[in-house]
Amino acid sequence: MTHEEKATQSGLSRRDFLTGSALAAASAAAVSFLGATPAFGAEGERIGSWAADGSQEIGVPESNQTNASASDGTYRDHNGAAFPANDASPIPPRAVPAQWDYECDICVVGAGGGGLNAAARAAELGAQTICVEALGLHGGNAQEAGMCGILGGMSMQESKKFAFPSYPFDAQALTDWAMDEYHYAADPKLIYKIASEGGKSLDWMADCGVQWRLGEVPVYVAPKNSTLDHHVLKMKDATDAMFAYGQRQGVDYKFQSPAEALVQDDSGRIVGVVINEGFSDEKYIHARQAVILTAGGFCNNKALLDKYIPTAAMGCASSYLTAGETGECFRMGLGVGADVSGFNSSASFDGGVDWQAEGGTWARFLYDGMTQLSRQPWFTIDRCGNRLRYMDSRVGEDGANAIYALGDLATIQMTPPGHRSYIIFDSHYEDYLAGFAQEHCRKLLTPDLEQVEKIPEHYRDWHHGVQDAIDADVLKQRNSLEELEADLGFAPGVMTEAVAAWNETCAKGEDDFMYPLPAEWLHPIVDPPFYGCRIGGNLYGTKAGLLINDQMQVMGTNGLPIPGLYAGWHTAGGACGENSYIGDPILGSLMGDVGLAFCGGYLCGTSAVENEGGR
């Protein structure tokens, strides 16, 4: 029986099963991440196709047959039809029109965390501001995660006498530490800018109405036995507050109006943006002072990933950014001669589940049951049967930086032969979950999870996400280890012999691996049904982007700023060096990528008005 036939027998239609057209339009993405009505199968069973509308069928071979660039069932070439975007070509600028449709001083592209801050800050400083957004609402991907600010320099952190790497806060000391972490490959001026302005940007947001709560984000103090409470969707409150503040400052928001191209005059200056207003009418916006690009990176553009971040294209099994990230801003920058920085640099969490291998969608929401399940300390091997290290996210007695484990483990999972790792467990898996006690984004979805009400109802119970994966044969459920071994693509004996060695270790009660697991995590794999899943990184941020200077101005390939053009993260690169795919210490863990977007928007709005306000 084929996987498709199994899925149909379980209540999934072929259309539900082949869900590769996820995010065909940004509006569809907005609906899906806000909780569209789930699909129902036989007897009202909830299927819950998270990020797809099922409107287009695509053919993807079964993973145990032709799921790879070779026949070993590991890394497979990305199928462009399963991505919402598949174009790496530059978008050329338009000429100045005979007549403009709208006038402003500054036009901000994107109304996510960065765009909301850029627009609000520019308007606060006196600029007439228009902010355009492809989705039907504000917030973008900033609503899909938590954030942290662990660098120092914010008033709440000062009140606790906390700063990193030591108190009192010293931006130069933080820059020195970060540059050492980057092996001196990053841009020190940008690092210093973030270090010196990051805390100020968070204080500014508090003045605008964002309610930072002590013990949550962005304050992190690390005494013994402490933890960083890092949950999903906390940033919705912050984006709501910044949107409201922007409205009070007079920002003109234009939703469901994606940017199509920049407008460049004969002198080479960027003077406007072309939008598709309401997805139906092309309009020209005149930006007398500057255009700020903040609509994100290209996590969901197959062609751009292949070209600029090949490690992520191969090693990441999924992306959790369902609200866009298709790379139009990056391509518009390329079209006006922008340079690129941070080649092959990205950031990933652990536990990316290879849904696409079974005809599913590349973009999956971070907190679904299968993702959380895949992040636990199961028996994990590469395709040769070698065990892989697990990075514990529990907080040690010294208040260790457990959040690093998410990015470090992603690298471990991405880089074995074939760029995939394999988790294997037996029918007792649910009995072990509480004992794993993982922190941060590895927490299971449970009714007591903070802000669980912001997760669509059909995914609040983690069992639904896991059952979806079983139905789609993403999580393979088999009655024998030999059958599981074959269907995961292992050569005969590789997985079964590895499991036998693991069971011997469990029987001894003490791990003999070079990175030993604690005794309480040694669970034998003996009772059917047996489960296995192919995993890799879970891409959450592209660090390759348009080259900018410390004024957030986009730099041309001639080494000069492109007049009138600014970019915030994650459209911009530069604060992360080449070939960094582990996740990044200052931008990932010390500020959080959502915090980085907020900070970058604040810096863009400030610099654009200060540099261009005289025009």
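Both backbone and side-chain heavy atoms feed into the values below; hydrogens, waters and symmetry mates do not. What you see is a predicted model, and the numbers here were worked out from it, not measured in a lab.
The aromatic ring centres of Phe169 and Phe162 sit 6.0 Å or more apart. Separation of the Phe330 and Tyr308 ring centroids falls under the 6.0 Å cut-off.
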Verdict with reasoning, Thr129 to Asp105, per side-chain contact (heavy atoms from CB on, under 4.5 Å): CA-CA 6 Å; Thr129 305; Asp105 295 321; 5.9 Å; no

Intermediate values then yes/no, side-chain contact (heavy atoms from CB on, under 4.5 Å), Ile285 and Asp101: CA-CA 6 Å; Ile285 299 175; Asp101 297 291; over 6 Å; no

Steps toward side chain to side chain donor-acceptor pair (under 3.5 Å) verdict (Tyr320, Glu325): CA-CA 10 Å; Tyr320 90 74; Glu325 291 286 315; over 6 Å; no

Full working for side chain to side chain donor-acceptor pair (under 3.5 Å) between Ser348 and Asn538: CA-CA 5 Å; Ser348 301; Asn538 192 342; over 6 Å; no

Side chain to side chain donor-acceptor pair (under 3.5 Å) between Gln247 and Tyr253, worked out: CA-CA 8 Å; Gln247 286 183 311; Tyr253 297 97; over 6 Å; no

Test log, rule salt bridge (charged side-chain N to carboxylate O under 4.0 Å, His left out), inputs Asp350 and Arg442: CA-CA 9 Å; Asp350 56 347; Arg442 291 181 185 167; 2.7 Å; yes

Check against side chain to side chain donor-acceptor pair (under 3.5 Å), Arg288 and Gln128: CA-CA 10 Å; Arg288 293 180 290 262; Gln128 182 185 357; 2.8 Å; yes

Criterion side-chain contact (heavy atoms from CB on, under 4.5 Å) on Ser346 and Thr311, from CA distance to verdict: CA-CA 8 Å; Ser346 61; Thr311 298; 5.9 Å; no

Pair Ile194-Leu596, side-chain contact (heavy atoms from CB on, under 4.5 Å): steps then yes or no: CA-CA 8 Å; Ile194 299 163; Leu596 176 65; 4.1 Å; yes

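Gln372 places a side-chain N or O within donor-acceptor distance of the main-chain N or O of Lys443, the cut-off being under 3.5 Å. Without hydrogens or angle criteria, Arg375 side chain to Gly351 main chain gives no donor-acceptor distance under 3.5 Å. Counting only distance, with no hydrogens or angles, the side chain of Thr326 and the backbone of Asn301 share no donor-acceptor pair below 3.5 Å. Checked by atom type and distance alone, the side chain of Ser159 pairs as donor or acceptor with a backbone atom of Met156 at under 3.5 Å. Side-chain atoms of Gln264 come within 3.5 Å of backbone N or O of Gly268 as a donor-acceptor pair. Judged by distance alone, with hydrogens and angles left aside, the side-chain atoms of Ser196 form a donor-acceptor pair with the main-chain N or O of Tyr192 at under 3.5 Å. A donor-acceptor pair is defined here as one N or O able to donate and one able to accept, closer than 3.5 Å; such a pair exists between the side chain of Glu133 and the backbone of Leu135. Judged purely by atom type and a 3.5 angstrom limit, Ser345 uses its side chain to pair as donor or acceptor with the backbone of Ser580.
Ser318 and Arg364 share no side-chain donor-acceptor pair at under 3.5 Å. Side-chain atoms of Asn141 and His570 include no donor-acceptor pair closer than 3.5 Å. In this structure, a donor-acceptor pair under 3.5 Å is present between the side chains of Asp368 and Thr371. Checked by atom type, the side-chain pair Tyr167/Gln157 shows no donor-acceptor distance below 3.5 Å.
A heavy-atom distance below 4.5 Å is not found between the side chains of Cys104 and Asp252. Counting heavy atoms from C-beta on, the side chains of Leu305 and Leu539 come closer than 4.5 Å. Considering only heavy atoms from C-beta on, Arg121 stays 4.5 Å or farther from Val609 through its side chain. Counting only heavy atoms from C-beta outward, the side chains of Val271 and Val96 approach each other to under 4.5 Å. Here the side chains of Phe298 and Cys329 are not in contact, with every heavy-atom distance at 4.5 Å or above. Val291 has its side chain out of reach of Ile106: every pair of non-hydrogen atoms, C-beta onward, lies at least 4.5 Å apart. The closest side-chain heavy-atom distance from Ile191 to Tyr182 is below 4.5 Å. Inter-residue side-chain proximity for Lys193 and Leu603 is flagged as met; some heavy-atom pair is nearer than 4.5 Å.
Comment: Glu282 engages Arg94 in a salt bridge, judged by a side-chain N to carboxylate O separation of less than 4.0 angstrom. The pair Glu578-Lys543 does not count as a salt bridge, with every side-chain nitrogen at least 4.0 angstrom from each carboxylate oxygen.
What you find for Lys307 and Phe343 is that their closest heavy atoms are O-CE1, 3.3 Å. Shown here for Gly297 and Thr542, the closest heavy-atom pair between the two residues is CA-OG1, 3.3 Å. The two residues Met414 and Gly537 make their nearest non-hydrogen contact at CG-N, 3.3 Å. The minimum heavy-atom distance between Leu151 and Gly199, with the atom names listed, is CD1-N, 3.9 Å. Closest approach of Cys299 to Gly541, counting heavy atoms only: SG-N, 3.8 Å. When all heavy atoms of Ala186 and Met179 are compared, the pair lying nearest together is O-CE, 3.3 Å.
One finds the CE atom of Met205 at 11.5 Å from the CD atom of Gln211 (value rounded to the nearest 0.5 Å). We find the CG-NZ distance between Asp207 and Lys200 to be 13.5 Å, quoted to the nearest 0.5 Å. In this structure, CG on Asp339 lies 9.5 Å from CG on Leu334, to the nearest 0.5 angstrom. To the nearest 0.5 Å, atoms CG (Leu293) and CD (Glu328) are separated by 11.5 Å. Here the OG1-CG distance, from Thr606 to Leu125, works out to 5.5 Å after rounding to the nearest 0.5 Å. Note that OG of Ser319 is 4.0 Å distant from CG of Asn300, once rounded to the nearest 0.5 Å.
When Thr557, Asn558, Ile562 are each tested for a side chain to side chain contact (heavy atoms under 4.5 Å, CB included) with Leu560, only one passes: Asn558.
Enclosure of atom CG in Asp266 is not indicated, since only 12 or fewer non-hydrogen atoms of other residues, nucleotides or ligands lie within 6.0 angstrom.
Ring planes of Trp177 and Phe164: perpendicular class, angle over 60° (limits at 30 and 60°). Ring orientation note: the planes of Tyr284 and Trp100 are nearly perpendicular, at an angle over 60° on the 30°/60° scale.
In this view, Phe598 satisfies the ring-ring contact (aromatic ring centres under 6.0 Å, His included) rule with no residue, not counting sequence neighbours.
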Hey, can you pull the donor-acceptor pairs under 3.5 Å for the side chains in residues 548-556, sequence neighbours left out?
from	atom 1	to	atom 2	distance (Å)
Asn549	OD1	Gln551	N	2.9
Asn549	OD1	Met552	N	3.2
Asn549	OD1	Gln553	N	3.0
Asn549	ND2	Gln553	OE1	2.9
Gln551	OE1	Asn611	ND2	3.4

